[in-house]
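All remarks here apply to the structure that follows.
Atoms within each ligand, like the ligands themselves, are counted from 1 in listed order.
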Amino acid sequence: MKSKKLGKNTICTHVGEVEDSQFKGAISPLFMSNSYAYEGVDVLRYPRYFNTPNQEGLCKKIATLEKTEAGLIFGSGMAAVSTSLLAFLKKGDHVVVQNTIYGGAYNFIVKEFPKYGIEFDFTNGFSEEDFTSKIKDNTKVIYVETPSNPLMKITDLKMISRIAKEKGIVTLIDNTFASPINQTPVDFGIDVMIHSATKYLGGHSDICAGAVAASEEHIKKIWDVAINLGGSLSEYAVWMLERSMKTLAIRVKAHNRNARKIAKWLDKNDLVTKVYYPGLKSHPDYKLAKSQMKGFTGMLSFELATTVNPSKFLKSLRLIKPSMSLAGVESTILEPAIASHALLGKEERKKQGISEELLRLSVGIEDRKDIIEDLNQAFKEATK
Ligand SMILES: *Cc1c(COP(=O)(O)O)cnc(C)c1O
């Protein structure tokens, strides 16, 4: 089966299935073994070698969705981020990092890299000049994330790959917010795609996992480090993730549709001063987003007007749950200033444009009218 020609729904449902040759069951059997034969076999299998039957199958599904040759599944998004960065950086090397990125990735770079003698610079913004001005002779990696959390800013992937290729620099992207359904960065020349599978790939707020997709050559480099760092995912969670990903494409399309309509509704609401959603024409990066994304995700942020009491608003929500994580089938909401971006501190938040009134909404797949009704009644309660 030529998997490259298959549609995304078919890839999600079928690619990488483990064949049940014994009983001919319709789905992948789960192989829990951590001990495989070493004699008379082509591959030495071991869970921390990232090559058990279920791991291998799932890697194929993720690689196919990202249109790459190979992939790896990790025990968390951060295991995927840290292992990938360490695979391409050694003592004396330099990495240019987009400002802003996911808080955990920021902390990893700032806290761990000095111990390894790896140099880094954060950009001041998202323009070509912002990136090229930070590139040095020893720059080996450019690291980006788009759309970025929580302001949904968009990085120009074609531009990033062009400036990197000129200098032989490897490009890494955190593609978590978009998911491979909305964005396949390899189309624009990006080398390594990283996911927190805890988010859209898992999609039901019950798995912590990570994934990487890239060429065989790049995956080999990451694998060499991965077997030493040991961040593999347990078999049951691998199997659960495969099951979840069968519905990835239909889920993401439902998230996209709901979020776009809700962003428009919030944009027209007098009790909201600003909406950050790349699918809105008023978003400064709308054109760029349209040129590199097929959908605009279920993630959006907005600022409440001063006439709305924020804590009353959050407490009044009945359907939408205040929650740390994101990208599940259920709608959740979070205050970046006191949750996801608390560690940054007030000064850094201000510099990055993350106001204290900002709310980040992860729009779920519930019926849109019910989500809107929930927001509506919370606005009423919070302005009494
Ligand atoms: C959650 C998240 C991560 C980290 O993933 P974990 O699975 O929590 O380790 C990385 N990047 C982005 C964009 C995320 O949202």
- Taking NZ, NE, NH1 and NH2 as the nitrogens, is one of them in K61 or E17 under 4.0 Å from a carboxylate oxygen of the other? no
d(D121 CG, K134 NZ) to nearest 0.5 Å is 5.5 Å
Parallel, tilted or perpendicular: which fits the ring planes of W239 and Y236, with parallel below 30° and perpendicular above 60°?
parallel
### Task
Determine whether the aromatic ring centres of F126 and F131 lie less than 6.0 Å apart.
no
Under 3.5 Å, is there a donor on one side chain and an acceptor on the other for E373 and Q377?
no
Item to complete: May I ask you to check whether F296 and H283 place their ring centres under 6.0 Å from each other?
Response: no
Identify all pairs of nitrogen or oxygen atoms, one from ligand 1 and one from the protein, separated by less than 3.5 Å, and list them with distances.
from: ligand 1; atom 1: 5 (O); to: S196; atom 2: OG; distance (Å): 2.9
from: ligand 1; atom 1: 7 (O); to: G77; atom 2: N; distance (Å): 2.9
from: ligand 1; atom 1: 7 (O); to: S196; atom 2: OG; distance (Å): 2.9
from: ligand 1; atom 1: 7 (O); to: T198; atom 2: OG1; distance (Å): 2.6
from: ligand 1; atom 1: 9 (O); to: G77; atom 2: N; distance (Å): 3.1
from: ligand 1; atom 1: 9 (O); to: M78; atom 2: N; distance (Å): 2.8
from: ligand 1; atom 1: 11 (N); to: D174; atom 2: OD2; distance (Å): 2.6
from: ligand 1; atom 1: 15 (O); to: K199; atom 2: NZ; distance (Å): 2.7

